[in-house]
Amino acid sequence: MAKIVLEKVCKIFKGGVKAVSDFSMEIEDGEFIVFVGPSGCGKSTTLRMIAGLEEISDGTISIDGRVVNDLEPKDRDLAMVFQNYALYPYLNVYDNIAFGLKLRHYSKADIKEKVMVAAKTFGLETLLKRKPKELSGGQRQRVALARAVVREAKAYLLDEPLSNLDAKLRTQMRVEITKLYEKLKATFIYVTHDQTEAMTMGTRIVVMKDGWIQQIDTPVHLYDHPKNLFVATFIGTPQMNIFPGTLECKKRDAIITLSGDRKIRIRTARIAKPEAKEVYLGIRSEDVYIDENGLPAKVRMIETLGSETLIYLDFGGGETIVDSDNFIVKIQGRVPYAVGDTVRISFNTDKIHLFERETEESILHIQ
Ligand code: ATP
């Protein structure tokens, strides 16, 4: 069990690449923290600095109150699973999983019991005699997971541990890791670029971009109250719809005017920076509904997903959308529309997000 504290941690690689900047956070004992962000944002580097596999350029990392900046990885008592699994090629699956336990002089009976439990958890019982080269990528990854969690460590660090698994196994393993966390109640730090993994597994999520922390929050709060445009569009599928507009705050109501002079009203009291003029309005696809008194939009494409339907709309005015030209609306169940139809939609104004265009920061009060 471990409390891990990072204070203004920086990493500059030789050649001047600044991979991590001023990373500060307190990870409480027993939390499941997920580092998420696009490729190259510095999440693996941060994890590797915590593990001691990468020197830090500035700042401090402490584990249970002890600064570990100069402590060897083996002395930090952390278990780690890498993206490339790093199994011992000459040992079979059983011995790979047992390796750390043997080093720590566990009894033979104890080792057997622990290895069998881990093998069962990760569906490896029938593969125990095989060497890594006789396994698929996904099977190797499961061995690496079993090896990491088989012994008690202060914290478990996992770097994209599910990246080589197919979609079904990925979902299954996600559940297994969550169950394992519930059982061990140890500190987990998990790196992924998959926001579904982040949302479903983390007690808190750290969203990173270009080496900088963007927001640290619980999954639900992150989803409901993204601090900036990057977090808003990174978390959530489909991506949040974003429209440029102008803001005018009156005493009671604030009016956001989108292209084509379409006006959306929200309460001025929700806005923390009423003086902002140029804004982006954000609305998630599930917060738009069909409304015969609403704004017209043309159906471009329909994706029927079974229990819900995504309607891709042309909302008019080519420059309406920032990242993609699509305005996506999610409707529960099926819809009677066809491509080319005009539908009328309204925004659930309680769910509107508002960002200042210049800074891309949210200008709403956080509830
Ligand atoms: P991915 O999801 O692709 O693994 P990441 O968010 O984990 O990405 P890092 O691997 O932490 O990103 O890399 C952060 C930045 O540091 C990138 O720009 C990367 O190119 C750079 N970097 C990583 N390792 C080194 C190194 N050994 N030398 C120089 N630059 C490096």
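We count ligands from 1, going down the list as the structure has it; atoms in each ligand are counted the same way. Note that the structure is predicted; figures quoted are calculated from it, not measured.
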**Fill in**
For Ser44, the atoms of ligand 1 under 4.0 Å from one of its heavy atoms are 4 (O), 5 (P), 7 (O), 10 (O), 11 (O)
**Arg262 to Phe315, cation-pi by 6.0 Å centre distance and 45° axis angle** = yes
**Item:** Lys351/Asp224 ion pair, N-O < 4.0 Å
**Value:** no
**Request:** Starting from atom 19 (C) of ligand 1, find the nearest protein heavy-atom neighbour and note its residue, name and distance.
**Result:** Val17 CG1, 4.9 Å
**Request:** Establish, from distance only, whether the side-chain atoms of Tyr190 and Glu160 form a donor-acceptor pair under 3.5 Å.
**Result:** no
**Request:** Establish, yes or no, whether the cationic atom of Lys120 lies under 6.0 Å from the six-membered ring centre of Phe122 and within 45° of the ring axis.
**Result:** no
**Asked** Is any NZ, NE, NH1 or NH2 atom of the basic residue among Asp64 and Lys154 found under 4.0 Å from an Asp or Glu carboxylate oxygen of the other?
**Response** yes
**Protein contact to atom 8 (O) of ligand 1 [nearest heavy atom, distance to 0.1 Å]** = Gly40 N, 2.8 Å
**Request:** State the atoms of ligand 1, each with its element, that fall below the 4.0 Å cut-off from a heavy-atom position in Pro38.
**Result:** 6 (O)
**Asked** Closer than 4.0 angstrom: is that true for some heavy atom of Gly211 and an atom of ligand 1?
**Response** no
**Message:** Could you identify the single nearest non-hydrogen protein atom to atom 27 (N) of ligand 1 and state the distance to 0.1 Å?
**Reply:** Phe13 CE2, 3.5 Å
**Asked** For ligand 1, which atoms sit closer than 4.0 Å to a heavy atom of Ala19?
**Response** 14 (C), 15 (C), 16 (O)
**Asked** Taking distance alone, with no angle check, do Thr46 and ligand 1 share an N/O pair under 3.5 Å?
**Response** no
**Prompt:** What part of His193 sits under 4.0 Å from ligand 1 if we count only heavy atoms: the side chain, the backbone, both or neither?
**Reply:** neither
**Request:** Check the hydrophobic clustering (I, L, V, M, F, W, Y; side-chain heavy atoms under 4.5 Å; chains of links allowed) and say if Trp212 and Val191 are grouped together.
**Result:** no
**Asked** At what distance, to the nearest 0.5 angstrom, does CD1 of Ile328 lie from CD of Glu286?
**Response** 11.5 Å
**Message:** One thing to verify: whether Glu360 and Arg357 come together as a salt bridge, which I'm taking to mean a side-chain N less than 4.0 angstrom from a carboxylate O.
**Reply:** no
**Message:** Please check whether Val191 reaches ligand 1 - meaning an N/O of the residue sits under 3.5 Å from an N/O of the ligand, judged on distance alone.
**Reply:** no
**Prompt:** How about atom 16 (O) of ligand 1: does it have a protein heavy atom within less than 4.0 Å?
**Reply:** yes
**Request:** Please verify whether a non-hydrogen atom of Glu160 lies at under 4.0 Å from ligand 1.
**Result:** yes
**Complete:** If you scan protein heavy atoms around atom 3 (O) of ligand 1, the nearest is Ser39 OG, 2.6 Å
**Message:** How far is atom 2 (O) of ligand 1 from the closest protein heavy atom, and which atom is that?
**Reply:** Lys43 NZ, 2.8 Å
**Message:** With nothing but distance in play, are any N or O atoms of Thr45 less than 3.5 Å from an N or O of ligand 1?
**Reply:** yes
**Message:** I want to know if ligand 1 touches Gly42 in the polar sense, i.e. an N/O pair below 3.5 angstrom.
**Reply:** yes
**Request:** Using a strict cut-off of less than 4.0 Å between a Lys/Arg side-chain nitrogen and an Asp/Glu carboxylate oxygen, indicate whether Asp291 and Arg344 qualify as a salt bridge.
**Result:** no
**Request:** List the steps and the verdict of ring-ring contact (aromatic ring centres under 6.0 Å, His included) for Phe188 and Phe32.
**Result:** CA-CA 5 Å; Phe188 275 60; Phe32 195 128; 5.2 Å; yes
